[in-house]
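Worksheet: one structure, shown below.
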Amino acid sequence: MNPQNNAEIPNIPPIFLKPFSAQDYENKLYAMWENSGYFNPDVCIEKGITASDAETFSIVMPPPNANGSLHAGHALFVTIQDIMIRYARMQGKRTLWLPGADHAGFETQVVYEKKLEKEGRSRFTMDPKDLYKEIMDFTLSNKSFMEGQIRALGASCDWSRALFTLDDRVIKTVYDTFLQLEKDNLLYRGARIVNWCSKHQTSLSNLETEHIERVDKFYYFQYGPFVIGTARPETKFGDKYVVMHPDDAQYAQYTHGQQIELEWINGPITATVIKDEAGDPEMGSGAMTITPWHSGIDFQVAKRHNLDYEQIINWQGKLLPIAGEFTGMNIKEAREKIVEKLAEKGLLVRVDENYTHSVPCCYKCDREIEPQIRAQWFVKTKPLAEKAVAAVNAKAFSFSTDRDERVFRDWMDKIEDWNISRQVIWGIPIPAKICVDCDAGMVDLANTVTECTACGGTVVADPDTFDTWFSSGQWPLATLNYPDSTDFKNYYPTSVMETGKDIIFFWVARMIMLGLYRTGNVPFKYVYLHGMVRDKHGKKMSKSKGNVIAPSEIQDKYGTDALRMALMVNNAPGSDMNLDPDKVNAYKKFANKIWNITRFVLSSTEEYQPNAPFTETDAEIINTILTAQITEISSLMDNNRFDLASERIYHFVWTYFADELIEASKPLLASTDVKVVQSQKRLLVTHLITSLKVLHPYMPFITEAIWQELPAEMKDSDMIMVAKWPGSK
RNA sequence: GCGCGAUUAGCUCAGUUGGUAGAGCAGUUCAUUUACACUGAAAAGGUCGGGGGUUCGAGCCCCUCAUCGCGCACCA
């Protein structure tokens, strides 16, 4: 290219004389948008951009964790939601996208604990208040960093309404719900088997565990006249009940409650026969001993027959004094030694070396979960789940794919009570007193409870915090300021909940249950779930594999618009996608193509007349081809098929506009017939404006950068962000 | 165990109600003061995992098998 030639063309703003460079524009343009106030629907109404009676479109943003950098999944969700929002805003809807930041309780505490570990410190030796303050400082500094990255992705969200999950309003909402649940008898505190992580020293919900398949040894021991099997000999010290199925013929001679003297690990014991349907005649010998404190099934058996419970393993994963000589040993090292001792005593029958089973582990540290009995707060979820299923039956909300709805229903059908207590510092304190003499708990928002209402015993403040998902589950209520705000009236239920399919149970299901519970209405009408972003070969991104693609690096190299397009094109809703830098590069080229299309159009449209009459041919192109293409694109967008719409737009701009229309225009522009030339100029400008508009939701920066350089007579608005979508009123 | 998904060009993936397949990247040939080389033109490349069925017609619907992946939940 020879700049001198171009410099002679008066119509081209100088910026078009070099290739598009995203870095030169993005920050400035975002600041311009943000300063305009147009992210805020109230401002749009004030300034006459949006009609005051316009249809609303609202999204509550899933608040990113304020504990680190954004990853590719964040870039994907920001892109999808921003496309929805920008499209709605251009259609003249009253459009709200409400951002936030998540303190992310346990998650953040784990991140912070790793930091402490590196510094040779531990949360267990710290004053809880100091720890809380340190994590707060850490989180707040990360929060502003994270919000900067959201801005860099082009998110046109209303920062004036931003909320943090530890803000007073959130806490008030959560406390109100907690109290309401108690009043409605949907809340209880009781000793139940919980998933205990002995590294993180907290209980976890079932969803916070993952099952890891392992091959372990499976031992058979002589237990009096019975042979019992176990993979966990270290729990067997207290086993004094032997359970068999009531109908198991091989044990017909034994009666329920019968006592048997037998030799066991640390000497003679008296065992009691329990007939219970938990015993499976097909499994092993059909007889089993139970450890009610450390097994869910055993706990149920013990509950049914009112048996004793005894803790064998302490909270740190070490054996308690009941283990005799093994007291204080870590369960892993104790296992082999216990087996050795049983073998010496002649009680080891045989060992199955290839026992394959999956064991529940902490999803953060992979350490085996130790089931423990602990008094915790539980929400009775069945009544809440029934309402949620009724709502989906009544089509009060729907999912982007049928399979998501099936997955949702499946989980709702077999939902169990939800443990909402966590032994975590970094979270919202549970506003309750707990009894030190029994397991009772009393909701105590006003701090007036002085003794146990169940036993009259001494009470203390509950040291626990809420499961983050309990508060996140009320996020739409808190952000829209339930119950009396105008935002709540205007925007609840929101139009769309867009989030990752991996948190359909953690978050989406909980928001539906709690939203329905508090307001009687679903929190959103449509659930769009995106898949995971993987590396270019479909592998999960992880630091250890070294295949993590940081959005900020991609943005620096190729531009944010290119990243956004790469994330959208051919990425079907709900399925995982692979992010290949080569694909991003393809859309960087596309950005430059748009740049040069503009340059050509501007350089060819001196003395452009906005009202020049179209020739018959050109009118035909406008009325049929252009209209048809835009209708199709809008229709795909209305159906949330941004993957298909973006590909269509790409070809509309490159294949049709650039390769066909512009090439065809070259001889026509050279025509001696002024009418043909003027019509052609108007045709090119019309296509340019239309292209920029339909591209804008996907590639907001370059389209706005160009828009700002266009002569006033070509455009219908100062900013393309609030320009009218083609075909909309 | 229960449930779900995938299998389409060398690679990574699209394909909305059934009408003999599309993109990006890679590769082939040609074009060089062209709006744009971050380019253009042209061609090449797939019996849509195997088998069976429904249909005038199947990548798409049904059955079955195989392989890969995911979710949930158990286990003495």
Side-chain angles (χ1 to χ4, degrees), chain A residues 1-2 4-6 9 12 16 19-21 206-207 209-211 218-221 223 226-232 235-236 239 242-244 278-280 283-291 295-298 355-360 401-404 406-407 409-411 413-416 501-502 504-505 531-532 534-538 540 558 562 565-566 569-572 574-604 632 635-636 639-641 643-644 646-647 650-651 654-655 658-659 662-663 665-666:
Chain A
M1 183 182 96
N2 186 337
Q4 277 195 316
N5 288 349
N6 285 298
I9 303 169
I12 306 179
F16 292 109
F20 177 64
S21 166
N206 285 348
L207 290 175
T209 66
E210 56 181 15
H211 293 259
F218 193 81
Y219 306 92
Y220 290 91
F221 298 117
Y223 187 80
F226 308 103
V227 172
I228 57 145
T230 184
R232 302 201 57 195
T235 65
K236 295 285 149 194
D239 287 15
V242 59
V243 178
M244 57 212 64
D280 180 359
M283 183 88 182
S285 65
M288 65 173 177
T289 62
I290 58 169
T291 315
S295 154
I297 297 272
D298 297 2
Y355 176 64
T356 307
H357 62 159
S358 53
V359 286
T401 67
D402 291 343
R403 70 168 180 263
D404 291 329
R406 275 197 297 274
V407 169
R409 285 175 182 279
D410 193 46
W411 193 67
D413 285 346
K414 53 186 183 190
I415 196 164
E416 289 183 24
K501 67 176 179 184
D502 54 331
I504 181 170
F505 306 135
M532 303 296 102
R534 303 175 178 280
D535 78 358
K536 68 179 200 176
H537 296 296
K540 195 174 176 178
Y558 304 101
M565 271 303 264
V569 178
N570 270 2
N571 178 15
S575 54
D576 292 350
M577 73 152 314
N578 302 348
L579 183 57
D580 182 351
D582 283 343
K583 188 177 175 188
V584 185
N585 192 41
Y587 295 104
K588 183 189 177 193
K589 291 182 184 176
F590 180 52
N592 197 53
K593 187 74 183 180
I594 299 161
W595 199 244
N596 279 295
I597 287 170
T598 307
R599 189 174 116 162
F600 175 81
V601 172
L602 290 182
S603 69
S604 311
E632 228 173 289
S635 154
L636 288 167
N639 290 315
N640 297 303
R641 291 307 304 264
D643 54 326
L644 302 179
S646 55
E647 198 195 8
Y650 176 86
H651 287 292
W654 198 318
T655 312
D659 293 344
I662 286 183
E663 290 308 316
S665 80
K666 288 176 182 175

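First the proteins, then the strands, lettered A, B, ... as listed; each starts at 1. A quick note: this is a predicted structure, and the numbers were derived from the prediction, not measured.
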Tell me the interatomic distance from [X], atom [atom1], to [N], atom [atom2], rounded to whole angstroms.
X       : N      : atom1 : atom2 : answer
M565(A) : C25(B) : CE    : P     : 13 Å
F600(A) : U34(B) : CZ    : P     : 13 Å
M288(A) : C75(B) : CE    : C1'   : 10 Å
N585(A) : A37(B) : CG    : P     : 15 Å
I228(A) : C75(B) : CD1   : C1'   : 15 Å
Y219(A) : C75(B) : OH    : C1'   : 17 Å
I662(A) : A35(B) : CD1   : C1'   : 7 Å
R232(A) : C75(B) : CZ    : P     : 11 Å

For [X], which contact category applies under a 4.0 Å heavy-atom criterion: base, sugar-phosphate, or nothing?
X       : result
D502(A) : nothing
A566(A) : nothing
F505(A) : sugar-phosphate
K501(A) : nothing
A658(A) : base

In whole Å, measure the gap between the [atom1] atoms of [N] and [M] for me.
N      : M      : atom1 : result
G45(B) : C60(B) : C1'   : 23 Å
C62(B) : A26(B) : C1'   : 39 Å
A23(B) : U16(B) : P     : 16 Å
G22(B) : G59(B) : C1'   : 12 Å
G24(B) : A42(B) : P     : 14 Å
U8(B)  : G49(B) : C1'   : 10 Å
G18(B) : U54(B) : C1'   : 12 Å
G46(B) : U32(B) : P     : 32 Å

N/O-N/O pairs, protein side and nucleotides 1-8 of chain B side, under 3.5 Å:
from	atom 1	to	atom 2	distance (Å)
G5(B)	OP1	R406(A)	NH2	3.0

Report summary line: Residues at least two apart in sequence or cross-chain that pass salt bridge (charged side-chain N to carboxylate O under 4.0 Å, His left out) with K236(A), listed by chain then number, are D239(A)
Report summary line: The salt bridge (charged side-chain N to carboxylate O under 4.0 Å, His left out) partners of K501(A) (sequence neighbours excluded) come to D576(A)
Could you grab the distance from atom [atom1] of [X] to atom [atom2] of [Y], nearest 0.5 Å is fine?
X       : Y       : atom1 : atom2 : answer
I228(A) : T289(A) : CD1   : OG1   : 3.5 Å
M565(A) : E647(A) : CE    : CD    : 9.0 Å
H651(A) : D659(A) : NE2   : CG    : 10.5 Å
K589(A) : W654(A) : NZ    : CH2   : 7.5 Å
Y558(A) : Y587(A) : OH    : OH    : 14.0 Å

Ring pair (Phe, Tyr, Trp, His ring centres under 6.0 Å) partners of [X], counting only residues at least two apart:
X       : value
F20(A)  : Y25(A), W595(A)
F505(A) : W411(A)
F600(A) : none
H211(A) : none

Requested in this report: Just compare C75(B), C25(B), C72(B) and give me whichever is closest to any side-chain atom of L207(A).
Outcome: C72(B)
Query raised in the report: Among A35(B), C75(B), C74(B), which is the nearest nucleotide to the side chain of I597(A)?
Result: A35(B)
Query raised in the report: Heavy-atom count around E416(A) CD within 6.0 Å, excluding the residue itself: above 12?
Result: no
**Report entry** Base versus backbone protein contacts along nucleotides 10-16 of chain B [heavy-atom cut-off under 4.0 Å; B, S, -]
**Finding:** --SBSSB
Query - 5′-ward residue of the pair H651(A)/S295(A) relative to RNA chain B - result: H651(A)
Query - D280(A): side-chain contact (heavy atoms from CB on, under 4.5 Å) partners, not counting sequence neighbours - result: E282(A), M283(A)
Report summary line: Residues at least two apart in sequence or cross-chain that pass side-chain contact (heavy atoms from CB on, under 4.5 Å) with M288(A), listed by chain then number, are V243(A), A278(A), I290(A)
Might you list the N or O atoms of the protein lying below 3.5 Å from N or O atoms in nucleotides 38-41 of chain B, with each pair's distance?
from	atom 1	to	atom 2	distance (Å)
C38(B)	O2'	N592(A)	ND2	3.1
U39(B)	O3'	K593(A)	NZ	3.3
G40(B)	OP1	K593(A)	NZ	3.3
G40(B)	OP1	W654(A)	NE1	2.3

Query raised in the report: Is D643(A) paired with R641(A) through a side-chain N to carboxylate O contact shorter than 4.0 Å?
Result: yes
**Report entry** Salt-bridge contact R406(A)-D410(A) (side-chain N to carboxylate O under 4.0 Å)
**Finding:** no
Report summary line: Taking pairs as Watson-Crick (N1-N3 plus N6-O4 or O6-N4) or G-U wobble (N1-O2 and O6-N3), each distance under 3.5 Å, the stems of three or more consecutive pairs with RNA chain B are B:1-7 with B:66-72, B:10-13 with B:22-25, B:28-31 with B:39-42, B:49-53 with B:61-65
